[in-house]
Structure formats: structure tokens, C-alpha cells
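Quick notes on the structure that follows.
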Number of protein chains: 2
Amino acid sequence: MSARVVIGLNAVVTALEGGDPHVLCVRREEGWGLPYGAFDPARHRTFELGMRDFVTGQTALQLGYVEQLYTFGDEGREAPLASFRGGEASDRVVSVGYLALSPVAGETGRSDAAWRGWYEHFPWEDRRPYARDGLEEAILPALRDWAGGDRARRARLDLAFGLTEPGWQEERALDRYELMYEAGLVPEAARDAGEAAEGLPGTGPAMTSDHRRILATAIGRLRGKLRYRPVIFELVAEEFTLTDLQDAVEAILGFCVHKQNFRRAIEASGLVEKTGAVAARTGGRPAALYRRAPGGPSGVGLTLPRLRREV
Amino acid sequence: MSARVVIGLNAVVTALEGGDPHVLCVRREEGWGLPYGAFDPARHRTFELGMRDFVTGQTALQLGYVEQLYTFGDEGREAPLASFRGGEASDRVVSVGYLALSPVAGETGRSDAAWRGWYEHFPWEDRRPYARDGLEEAILPALRDWAGGDRARRARLDLAFGLTEPGWQEERALDRYELMYEAGLVPEAARDAGEAAEGLPGTGPAMTSDHRRILATAIGRLRGKLRYRPVIFELVAEEFTLTDLQDAVEAILGFCVHKQNFRRAIEASGLVEKTGAVAARTGGRPAALYRRAPGGPSGVGLTLPRLRREV
DNA sequence: ACTAGATATACTCTAGTTGAGCAATACCCT
DNA sequence: AGGGTATTGCTCAACTAGAGTATATCTAGT
């Protein structure tokens with residue numbers, strides 16, 4: 001009989017909190033990881049139902065928008081999970097990653113669960129001016145070192161980090177992480193090689209197993225999706241000001257957009273309508289409150305007016 | 001002990017032949033289906049390796065570009081496959097779909113395998129003027145019937161088939177297929193309900209299991225990818241004329257693009273370079289031959305100059 | 001009450017992109 | 001030589017996206 005296969009479900013549950021995207025994490029001996037549940041075909045008709053079930057079972061959260069990310073089946077990735085629920089050492093653990101969005105980073109209801117900021121684990125993905133990552137100072141030099149005279153490596157580096165033509169593409173988060181992994185900069189690289197886990201400063205703390213890879217996949221996917229699906233509304237409250245919306249977008253994208261043009265695009269898109277009320281805010285002219293337009297287009301994303309010159 | 005899980009691998013192997021995209025299919029009692037192989041964790045380190053292995057094992061083809069599509073785990077979908085390799089009736093068959101591209105629709109080396117045109121199974125996806133699908137005449141009226149006064153259904157219909165604002169979006173092939181399935185128009189709908197399998201004329205022949213859904217996923221994914229990754233070169237010969245390239249693009253997209261603007265975009269993209277030679281062609285001015293530019297950008301797709309007015 | 005500071009909102013300007021079409025060119029065939 | 005056919009070069013207008021300027025409306029502080 002062939003080796004058994006166990007299906008694991010990993011959820012990247014994301015919500016905004018304090019102007020930054022956060023992800024629901026669980027504390028294990030080896031460090032922070034994504035919530036994980038084994039898929040039981042006897043109990044669940046679909047992966048998605050199984051995933052919702054184990055997340056709401058383990059935390060007090062209700063999931064809204066959910067989407068499948070990728071299925072990870074590489075040998076070797078299961079080792080850190082072998083101790084889990086019914087998995088035996090000889091089993092192959094295949095994991096189906098899901099992205100789930102929630103408008104609030106609510107109470108998790110577990111002492112070993114917590115919301116962790118995306119950019120704690122991916123400092124280099126936050127290009128907003130106030131966030132100072134060590135990209136230019138530490139990471140890029142190390143990557144250039146690693147690439148050396150190798151043409152292929154150089155091309156991948158240029159593409160992933162936007163050093164040449166199309167520039168920085170926010171959705172290439174996975175490319176960037178994998179490059180850093182290959183170059184041995186992130187602590188996971190040493191850890192998986194069985195060495196003492198020491199990463200380059202500024203590359204963020206490791207997560208268990210390949211969970212940081214899954215999170216990078218989620219970040220890239222969500223960023224890409226913003227452009228052609230109105231997913232951003234899954235992450236904000238019912239009523240919001242255009243600045244709220246812009247802050248949410250910028251938090252996800254990791255860079256700033258042009259304020260006036262952003263508003264112009266949003267208002268022209270037909271995605272939102274004014275509630276009539278205004279926000280009670282501190283300082284400044286009060287902003288009009290908006291909500292999602294009921295009959296608005298669902299097949300349209302946001303135009304994201306990039307800033308070319310640095311602010 | 002919980003029910004066992006078997007991982008199946010499904011490959012959508014696509015190549016262009018005679019100006020139309022084709023997919024490698026295998027003949028079974030129930031009809032045409034995608035090549036399928038069980039994943040054996042003892043033998044293969046990754047899904048992709050397993051997939052390459054079973055395809056080259058079952059046919060004489062070498063796969064080039066490969067990408068994971070989606071993992072299908074719904075209960076019920078395995079029934080038609082229960083007879084397969086080691087699968088027992090009580091097992092849950094989960095299938096990981098892959099898309100693979102090949103520049104030539106070569107000999108399959110199997111008598112029960114054949115290349116089938118995408119648009120034989122998806123007539124409505126070919127909007128090129130010479131292809132006459134029954135979309136307007138038969139499918140849309142039936143869908144409108146099905147939607148009736150239901151707002152949500154109506155909105156999905158408008159979006160999927162581009163009846164309102166953003167218009168026809170070629171990458172929504174899966175949305176369209178699923179809508180037609182729900183509306184009971186495709187033969188699979190009746191078949192899966194246990195009734196005699198009769199589909200609306202013009203909805204194409206069924207494929208085994210949910211393989212037409214997997215194919216629709218592949219079509220949508222590939223169409224979307226054209227815009228931001230130079231995948232089209234995986235489908236044409238080493239040397240090609242710009243018209244060859246355009247024909248390939250139009251075949252995948254299922255609609256025509258503006259010739260002069262297409263050339264302008266391609267030439268400006270830096271993706272190709274002239275070989276210096278010209279094509280020996282029938283009739284007309286001979287076209288310059290191009291090849292992919294070696295140092296060209298890899299993170300860039302094609303601008304696809306849509307035709308607004310019908311030709 | 002008035003002012004400074006802060007934010008929201010309304011417009012304008014400009015360069016680049018995109019959809020569209022015209023016209024010239026280069027080959028084959030009869 | 002001339003018709004047929006396809007390639008190639010070029011122009012134009014409409015639209016889009018990035019950027020900047022100006023004005024409106026609030027709070028907080030004096």
C-alpha cells in the first residue's frame with residue numbers, strides 16, 4: 001500500500017487593525033504559525049466548509065470572504081507538522097492554503113492565538129514612507145552579493161524587486177520571499193537546512209513550517225485582486241470615509257496612492273454612495289461617509305493611482 | 001480511522017493547432033476527459049514532478065511551462081473516477097489541476113488519447129467573428145429565463161457574460177460555465193443529477209467528472225495571464241511572424257485584436273527581436289520573422305488592443 | 001472671536017496610452 | 001503590367017493617469 005496522504009488546511013485570516021494588515025496566528029513551540037486543521041473527508045463536503053469549521057471551532061471568528069490560494073505538496077514541508085492530529089511520521093501532509101478576510105480583528109478567544117502584523121514578518125513589503133524597512137540598506141546588497149555575475153539570478157532579482165523596467169510590483173511578494181529564501185537570508189533557510197536559524201537583520205522572524213511562504217502568497221494574491229475585484233470592502237466597516245478606504249488600500253498595497261486621484265477614481269467607479277452623514281473626526285474638515293453602492297458593479301476593482309515621485 | 005484521501009492530478013495540456021487551442025484528452029467509457037494520474041507520495045517529491053511523470057509516461061509529450069490551477073475537493077466529484085487506480089469507493093478523491101503549455105500538439109502515442117479543440121467543448125467562448133456560437137440565439141435567452149426576476153442571478157449573468165458595464169471579460173470562462181451548469185443548460189447538470197444527460201444545443205459535449213470545469217479554469221487563467229506574463233511564447237515556434245503571434249493570442253483570447261496596434265505594442269515591449277529573415281508565405285508581402293529577445297523582460301505581458309466596434 | 005493647523009473636496013493641466021483608420025510597400029500570380 | 005493580399009509605417013483623436021493648485025470646513029488654542 002502506498003504512503004498515506006493527509007490534507008491539512010491552512011488559513012490566512014486577514015483583518016485591518018490600527019492601519020496595518022494583520023493575520024491570525026497561533027503560537028506553537030517552534031514559533032508563530034498559521035491556524036491549521038486537518039481535513040476530514042467524512043465530516044466535510046468541501047475544503048472551504050472544513051476550513052470555516054475549524055477556524056470558528058478554534059477561535060471565535062466568523063469568516064466572510066474566502067478564497068483558495070494554492071496547494072502545497074512538497075516533501076519535507078510536513079516535518080514540523082508531523083506531531084499534528086492523526087498525522088504519523090510516514091504520512092505525506094499536503095496543505096491547501098486559504099485566504100479569508102474579516103472586517104475586524106476581533107477577539108480570538110484563545111490564549112495561544114493572536115493577530116500579528118503582516119509587516120512584522122515582511123518588513124520589506126511595507127514601502128509606505130513612514131515604515132522604514134532595511135531593504136536598500138541590508139537586503140538588496142545581500143541579494144546582489146548572492147546573484148553575483150549569474151545572469152539568471154540577476155534577472156530574477158531585478159524583476160522581483162523592481163530594479164528594472166516595470167518597477168516595484170507589489171503583488172510579487174512571493175517572488176521576493178522565495179528569492180530571499182534561496183539566498184539564505186531568512187531564518188527559515190538555515191532552519192530547513194538543519195542549521196542554527198539566524199536570518200539577516202530586517203528579514204523578519206520565521207514562521208513555522210512554510211507558513212511564511214503561504215502568507216506571502218496571500219499577500220501577493222490579495223494585492224493583485226484589489227485591481228480587478230472590489231475586495232477592499234471586505235476589510236472596512238459598513239460605513240467609511242474615503243480616507244478610511246484609502247488607508248485600507250495603502251495598508252494592503254504597502255505603498256501610498258495619490259489622494260485626489262484615488263477619490264476621483266472611486267467616485268467614478270460607481271462602487272460607493274454617500275450615506276449623507278459625515279464622520280465625527282478629530283481635526284480638520286469632517287469627511288463624508290460612504291457605503292458600498294447596493295447595485296454597484298462587482299466585477300470591477302480599484303484604479304490605484306500610484307505615486308511616481310517619492311513623497 | 002477517518003476516511004482515506006487520494007490525491008489525483010489532472011493536467012490541462014494545451015497547444016495550438018490549426019489556429020485553435022487544443023487540449024490533450026483521453027477517451028473513457030463515459031466520454032472525453034482530461035489525463036488523470038494518482039499522486040503517489042512515495043514516488044514523487046512534488047505534485048508537479050508527479051504530474052510531469054504521469055503525462056510523459058502515458059503520452060510521448062514533453063511539458064514545458066507548467067502551473068497549478070486549483071484544487072478541487074468537493075464531495076461527489078469523485079464518483080465517476082472511483083474505478084481508478086487504487087481508489088476505493090469510500091475514498092475521497094481530491095484533484096489538483098495543472099495547466100501545461102506545449103508549442104506543438106504532437107503525437108500522443110496513445111490510441112485512446114487525442115487533441116480536442118477548446119472551443120468544441122466551449123463554443124460560446126470563441127467570439128472571433130468567423131466562429132459562430134449559439135450564444136445570442138440560444139444560451140443567453142435560456143439564461144435570462146433562468147434568472148427571471150431574481151436580482152442576484154441577474155447580476156451574476158450580466159457580469160459573467162458582459163451584458164453590462166465592463167463588457168465581455170474573456171477570463172471569466174469559469175463563471176460562465178458555472179452559471180450554465182447551475183441553470184441546467186450543460187449536459188453535466190442533468191448527468192450529475194442522475195437524469196438523462198441532455199444539454200441545450202450549442203453548449204458543447206460534456207466531459208467526464210468535473211473536467212470541463214477544470215478546463216474552464218485553465219482557459220480563464222491562461223487568458224488572464226497573457227496580460228501580465230509573456231506566456232504566449234510558450235505556445236508558438238521559436239521563430240514566428242507577428243501575425244503568427246497575433247493569431248495565437250486571438251485563439252487563446254477568443255476574440256480579435258487591432259492588428260496595427262498589436263504590432264506597435266509588441267515592438268515597444270522589447271519582448272521580441274527580428275531574426276532578419278522573412279517568412280516564405282503564400283500570397284502577400286512576406287512578413288519579418290521574429291524570435292523572443294534573450295534579455296527581454298519576463299515580468300511583462302501583452303497589451304491587447306481590444307476592438308470596440310465589431311469587425 | 002479669531003487664528004493656526006488639519007483635513008476634505010473641487011478643479012485644472014499635461015503627458016502618455018489606446019482605439020481607430022489611412023496609405024504605402026512588397027511579394028505572388030496571371 | 002496589374003490585381004490580389006498581406007505587411008508595415010504613420011497620423012489622429014479620445015481617454016487615462018499622474019501631478020499640482022485652490023478652496024471649504026472642521027478643531028483647538030489664545
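Lettering of chains follows the sequences in order, A, B, ..., and the numbering in each one begins at 1. Every value quoted in this text rests on a predicted model; they were computed, and no experiment measured them.
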Give me the distances for all protein-to-nucleotides 7-9 of chain D N/O pairs that come in under 3.5 Å?
unit_1, atom_1, unit_2, atom_2, d
D:dT7, OP1, B:Thr243, OG1, 2.2
D:dT7, OP2, B:Thr243, OG1, 3.4
D:dT7, OP2, B:Lys259, NZ, 2.4
D:dT7, O2, B:Arg285, NH1, 3.2
D:dT8, OP1, B:Ala288, N, 2.8
D:dT8, OP2, B:Arg263, NH2, 2.0
D:dT8, O5', B:Arg263, NH2, 3.3

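Note that B:Arg291 lies outside the cation-pi zone of B:Phe240, set by a 6.0 Å cut-off to the ring centre and a 45° limit from the axis. For the pair B:Arg306 and B:Trp168, the cation-pi criterion (under 6.0 Å, within 45° of the ring axis) is not fulfilled.
For the pair A:His258 NE2 and D:dT21 P, the interatomic distance rounds to 11 Å; values are reported in whole Å. In this structure, B:Asn261 atom CG and D:dA14 atom C1' are separated by 13 Å, rounded to whole Å. The interatomic distance linking A:Leu302 (CG) with D:dT16 (P) rounds to 16 Å, in whole Å. Per the geometry, CZ belonging to A:Phe240 stands 16 Å off C1' belonging to C:dA8, to the nearest Å. Computed from coordinates, the A:Arg264 CZ to C:dT12 C1' distance equals 10 Å when rounded to whole Å.
Remark: B:Glu267 engages no residue in a salt bridge (Lys or Arg N to Asp or Glu O under 4.0 Å) (not counting sequence neighbours). Residues forming a side-chain hydrogen bond (donor to acceptor under 3.5 Å, both in side chains) with A:Arg223 (at least two apart in sequence, or on another chain): A:Tyr119, A:Glu125.
With rounding to the nearest 0.5 Å, the separation of NZ in B:Lys259 from OG1 in B:Thr243 is 3.5 Å.
Between A:Phe161 and A:Met180 the shortest side-chain heavy-atom distance falls below 4.5 Å.
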